[in-house]
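These figures come from a predicted structure and were not determined experimentally. Any value given below was found using the heavy atoms of this structure, including those in side chains, with hydrogens, waters and symmetry copies removed. Chain naming here is simple, since letters A, B, ... match the order of the sequence lines and numbering starts at 1 in each.
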Amino acid sequence: MKITLKDGSVKEYSEKKSIYEIACDLSEGLGRMAACGIVDGEIKDLRTVLENDCNLTICTINDPEGLSTLRHTTSHVLAQAVKKLFPEAKLAIGPSIDEGFYYDFDSQSFSREDLDNIEAEMKKIIKDGAELKYFELPRAEAIKLMEDRNEPYKVELINDLPEDATISFYEQGDGFIDLCAGPHLMSVKNIKAYKLISSSGAYWRGSEKNAMLTRIYGTAFPKKDELETYLTGLADRKNRDHNKLGRDMELFTTVDVIGQGLPLLMPKGAKIMQTLIRWIEDIEDNEWGYERTKTPLMAKPDLYKQSQHWYHYKDGMFVIADPQDPENEDKMLALRPMTCPFQYYVFKATPHSYRDMPKRYSETSTLFRNEDSGEMHGLTRVRQFTLSEGHLIVRPDQMVEEFKNCLALAKYVMETLGVQDDVKYRLSKWDPNNKDKYIGEPEVWEQTQQHIRDILTELEIPFYEADGEAAFYGPKVDINAKNVYGKEDTVITVQWDEYNAELFDMYYIDENGEKVRPGIIHRSSVGSYERSLAWLIEKYAGKFPTWLCPEQVRIIPISEKYFDYAEEVSKEFKKNGILHTIDKRSEKMGFKIREARLDRLPYMVIVGEKERDDRTVSVRSRFAGDEGVKPLSDFINQICEEIRTKTIREEVPEAEGK
RNA sequence: GCUCCGAUAGCUCAGUCGGUAGAGCACUUCACUCGUAAUGAAGGGGUCGUGUGUUCGAGUCACAUUCGGAGCUCCA
């Protein structure tokens with residue numbers, strides 16, 4: 001057989017050989033480092049025996065495929081260690097994931113101390129350096145083996161495998177056997193750097209109807225220093241956690257008697273949000289053709305019944321009963337969980353000619369959703385939030401163009417905020433296997449999904465597709481960003497809706513005087529302001545671009561002798577809309593500078609005798625350190641320009657401090 | 001909603017075997033009037049998240065509850 005290698009060279013063998021044997025044949029080092037193979041594009045275990053001509057890439061633990069093999073094998077070592085220390089634990093599954101691996105057990109929960117003990121046990125196992133042995137069994141024997149070993153979850157997994165599936169196992173060390181499709185390293189001795197990160201609960205097979213298992217998360221790397229780098233990075237990332245930093249910086253707080261998911265924005269956080277809201281409202285109305293609406297925060301249930309939300313999300317709504325007549329549904333009100341139907345009724349209030357289309361409505365809209373108690377997180381998932389929520393009522397021939405415009409607005413907003421490279425676009429589709437969750441016809445879903453696919457392709461926006469992520473009335477583009485914990489949040493969404501115009505009997509009059517159903521685009525431009533603020537805190541680690549800072553300059557008088565001049569400077573700043581304070585505390589300048597730095601201020605101006613006499617300021621910034629003495633008017637021009645253009649100046653890290 | 005962890009001064013945290021609460025920073029006052037990352041001194045501040053129980057006695061033990069955190073599940 002002829003084996004074509006990655007570099008294009010061809011190796012010929014007269015008899016069949018395993019990938020491992022070929023790796024060893026190529027070089028002893030490669031044999032030692034090999035983790036898995038890619039045969040004609042498919043990832044294969046090293047033990048796979050090749051008989052026919054094929055393309056073969058041999059991956060080491062330094063390749064992405066090899067790294068996940070390493071992690072997968074580490075998860076087996078973890079399972080072996082857990083079985084040794086906690087023989088009662090039942091094995092569930094243990095795959096490699098993005099940044100490591102996990103293994104689920106049906107067992108007691110594990111404390112940090114338990115994890116440390118398990119890690120120590122893993123060390124012993126690795127030191128023993130067992131080989132992993134691969135074997136296959138017919139279904140009945142496989143089930144028997146797992147039943148004998150009292151592993152009910154494995155039995156269930158085998159039972160659910162398709163008729164023709166190969167049922168494979170790996171055995172290592174003193175009789176540890178796991179049902180597993182592989183691939184795996186040849187031996188556990190190649191595991192050099194690993195760490196158990198945390199333990200938590202996870203549902204068996206990802207369904208809340210099933211038992212809660214105990215999951216252990218861990219990670220593994222080819223080398224110790226790579227592991228160290230990862231762990232340090234993990235800690236650094238958590239230092240940016242908006243939920244910690246936002247509280248430290250006095251942007252928001254929570255109060256137990258106010259309730260879960262109801263953060264209070266403090267003056268600095270509220271100022272940032274005000275800056276964002278004013279900006280978005282201005283550009284939407286003045287540059288992107290939107291009209292503003294202001295609609296009620298609550299409505300009768302009838303409205304949500306008409307929109308179908310009542311039937312899909314009643315449990316997630318705050319319903320207010322009439323105190324005089326609490327049982328009477330006709331007198332109830334529900335706080336709005338979205339603005340869609342309110343803006344539909346704005347559209348319906350007047351007749352519309354085809355000439356006046358599209359109508360683009362936007363509202364800075366406060367919404368209420370009764371999220372389950374475990375779902376709330378900082379500012380990213382809350383029970384009351386504010387969305388730049390818009391609905392475009394569009395002629396069918398305008399849908400594609402307007403959808404593109406919505407994506408363009410989202411892109412412009414992200415570019416201005418400097419976050420455009422941190423997002424992934426997702427085409428969120430319906431789930432053809434779960435039709436109850438969605439309204440409408442399969443053909444319409446397929447068609448609209450294809451429209452969106454075409455648009456993204458034409459705009460050359462990289463995207464991925466996901467089933468079951470659509471809104472119940474239509475597919476959407478979700479723009480997602482990772483938070484510091486590596487979880488994806490949807491920050492902006494643009495949705496294609498073919499159904500609500502029908503539900504709400506919306507129409508416009510075409511050139512023949514006929515009533516025509518419009519299409520609807522649901523969209524946001526920064527998404528939820530709370531979530532966007534969280535995103536920005538984490539993106540900039542609290543060091544916001546100047547235009548967003550709640551305090552842009554701090555005036556630092558060298559002593560109280562210069563307070564008068566500081567006030568004069570302050571007056572000039574105020575005239576120019578520059579957000580600032582004067583630090584009048586009886587402290588040394590060095591102390592005040594240190595505090596201003598720790599407060600992450602973009603600018604400090606120091607005023608003393610020289611500055612007062614010359615009407616100058618001595619400027620120190622987060623970006624360039626000591627910027628020297630400038631005429632006051634020059635500094636004002638400079639910072640006003642920076643704020644007006646929303647410039648994101650590059651940070652120059654200073655040697656000292658945090 | 002589920003599993004687990006946590007809550008002590010404004011913040012970060014210590015508090016041993018159950019014996020009546022402690023540090024640093026912050027805050028207030030006073031002195032100093034200062035030139036690019038911490039001036040010095042004095043002082044105030046806590047019914048230990050809340051409730052119930054065990055106990056002669058609870059920050060410490062038990063139960064409940066609220067809030068916070070991680071993960072799972074969910075997210076119009």
Using the C1' atom in both, what is the distance from B/A7 to B/U65, to the nearest Å?
-> 13 Å

Would you say A/Lys487 reaches B/C72's phosphate, i.e. side-chain N/O to OP1/OP2 under 4.0 Å?
-> yes

Nearest-angstrom distance, P atom, B/G15 to B/G19 = 13 Å

Quick one: label A/Lys592 by what it contacts on the DNA or RNA (base, sugar-phosphate, nothing), any heavy atom closer than 4.0 Å.
-> nothing

Greater than 12 external heavy atoms within 6.0 Å of A/Lys630's NZ = yes

Would you indicate what A/Phe472 reaches in the nucleic acid, counting non-hydrogen atoms under 4.0 angstrom: base, sugar-phosphate, or nothing?
-> nothing

P spacing across the pair B/C11 / B/C27, given as an integer number of angstrom = 14 Å

A/Glu389 and A/Arg523: salt bridge (Lys or Arg N to Asp or Glu O under 4.0 Å), yes or no, with the steps?
-> CA-CA 6 Å; A/Glu389 188 169 16; A/Arg523 52 99 267 175; over 6 Å; no

When you match A/Glu375 and A/Val255 each to their closest nucleotide on RNA chain B, which lands nearer the 5' end?
-> A/Val255

Check whether any side-chain nitrogen or oxygen of A/Tyr217 sits under 4.0 Å from OP1 or OP2 of B/C72, and answer yes or no.
-> yes

Is any side-chain nitrogen or oxygen of A/Lys437 closer than 4.0 Å to OP1 or OP2 of B/C75?
-> yes

Using atom CD1 of A/Ile555 as one end and atom C1' of B/U36 as the other, report the distance to the nearest whole Å.
-> 17 Å

For A/Ser109 and B/U3, is the shortest distance between a side-chain N/O and OP1 or OP2 below 4.0 Å?
-> no

Minimum heavy-atom distance between A/Ala470 and A/Tyr438, given as atom pair plus value | O-CE2, 3.8 Å

Would you mind classifying the nucleic acid contact of A/Ser198 as base, sugar-phosphate or nothing, using non-hydrogen atoms under 4.0 angstrom?
-> nothing

Smallest heavy-atom separation, A/Ser570 atom then A/His580 atom, equals OG-NE2, 2.8 Å

For the student: nearest non-hydrogen atoms of A/Leu213 and A/Phe105, plus distance | CB-O, 3.3 Å

Looking across every strand, which nucleic acid part, if any, lies under 4.0 Å from A/Gln260 by heavy atom: base, sugar-phosphate, or nothing?
-> sugar-phosphate

Which is true for A/Lys561 with a 4.0 Å heavy-atom rule: it touches a base, it touches only sugar-phosphate, or it touches nothing?
-> sugar-phosphate

Grab the CG-C1' distance between A/Leu245 and B/G68 for me, whole Å please.
-> 17 Å

Output yes when at least one side-chain N/O atom of A/Lys238 is less than 4.0 Å from OP1 or OP2 of B/A70, else no.
-> no

What interatomic distance, in whole Å, is found between C1' of B/A9 and the corresponding atom of B/G24?
-> 12 Å

Does A/Tyr313 stack onto the base of B/A76, taking stacking as ring centres under 5.5 Å apart and planes under 30° apart?
-> yes

Mind checking A/Gly206 for me? I need base, sugar-phosphate or nothing, with any heavy atom below 4.0 Å counting as a touch.
-> sugar-phosphate

Relative to the 5' end of RNA chain B, which residue comes earlier, A/Arg585 or A/Ser207, by the nucleotide with the nearest heavy atom?
-> A/Arg585

Rounded off to whole Å, could you give me the CZ-to-C1' distance for the A/Arg247 and B/U12 pair?
-> 15 Å

B/U52 versus B/U60 - spacing of their P atoms, nearest Å = 14 Å

Determine whether any donor atom in the side chain of A/Arg381 lies under 3.5 Å from an acceptor atom in the base of B/C74, or the reverse, and answer yes or no.
-> yes

Write down the distance between CG (A/Asp583) and P (B/A37), rounded to a whole number of angstrom.
-> 15 Å

Using a cut-off of 4.0 Å on non-hydrogen atoms, how would the nucleic acid contact of A/Gly590 be classed: base, sugar-phosphate, or nothing?
-> sugar-phosphate

Nucleotide opposite B/C61 in a Watson-Crick or G-U pair, distances under 3.5 Å | B/G53

If the C1' atom of B/C72 is compared with that of B/G51, how far apart are they to the nearest Å?
-> 31 Å

Would you indicate what A/Lys476 reaches in the nucleic acid, counting non-hydrogen atoms under 4.0 angstrom: base, sugar-phosphate, or nothing?
-> sugar-phosphate

Heavy atoms under 4.0 Å, any strand shown: does A/Arg369 hit a base, just sugar-phosphate, or nothing?
-> base

Within the modelled atom types, does a donor on one side and an acceptor on the other bring the side chain of A/Glu250 and the base of B/G10 under 3.5 Å apart?
-> no

Report yes if a side-chain nitrogen or oxygen of A/Tyr203 is closer than 4.0 Å to either non-bridging phosphate oxygen (OP1 or OP2) of B/U3; otherwise report no.
-> no

Under 4.0 angstrom, heavy atoms only, what part of the nucleic acid is A/His377 near: base, sugar-phosphate, or nothing?
-> sugar-phosphate

In whole angstrom, what separates A/Glu595's CD from B/U36's P?
-> 17 Å

Have a look at A/Glu371 and say if it touches a base, only the backbone sugar-phosphate, or nothing, with a 4.0 Å heavy-atom cut-off.
-> nothing

Checking N1-N3 plus N6-O4 or O6-N4 for Watson-Crick, or N1-O2 and O6-N3 for wobble, each under 3.5 Å, the partner of B/G40 is B/C30

Considering all heavy atoms of both residues, which atom of A/His312 and which atom of A/Ile439 are nearest to each other, and what is their separation?
-> CE1-CG2, 4.4 Å

Looking at A/Glu88 and A/Lys83, does any basic side-chain N land under 4.0 Å from a carboxylate oxygen?
-> no

A/Arg620 side chain N/O closer than 4.0 Å to the phosphate oxygens (OP1, OP2) of B/A37?
-> yes

Return the orientation label for the A/Phe403 and A/Trp496 ring planes: parallel under 30°, perpendicular over 60°, tilted otherwise.
-> tilted

Hunt down the Watson-Crick or G-U wobble partner of B/C13, both distances under 3.5 Å, from any strand shown, or write none.
-> B/G22

How is A/Gly378 classified with respect to the nucleic acid when contacts are heavy atoms under 4.0 Å: base, sugar-phosphate, or nothing?
-> sugar-phosphate

Select base, sugar-phosphate, or nothing to describe what A/His312 touches, counting heavy atoms under 4.0 Å on all strands.
-> nothing

Roughly, in whole Å, what's the span from CZ in A/Arg594 to P in B/C25?
-> 11 Å

So, A/His309 side chain and A/Lys305 main chain: donor-acceptor pair closer than 3.5 Å or not?
-> no

Using a heavy-atom cut-off of under 4.0 Å over every strand shown, decide if A/Ser586 touches base, sugar-phosphate, or nothing.
-> base

Whole angstrom value for the distance that separates P of B/A70 from NZ of A/Lys244 = 12 Å

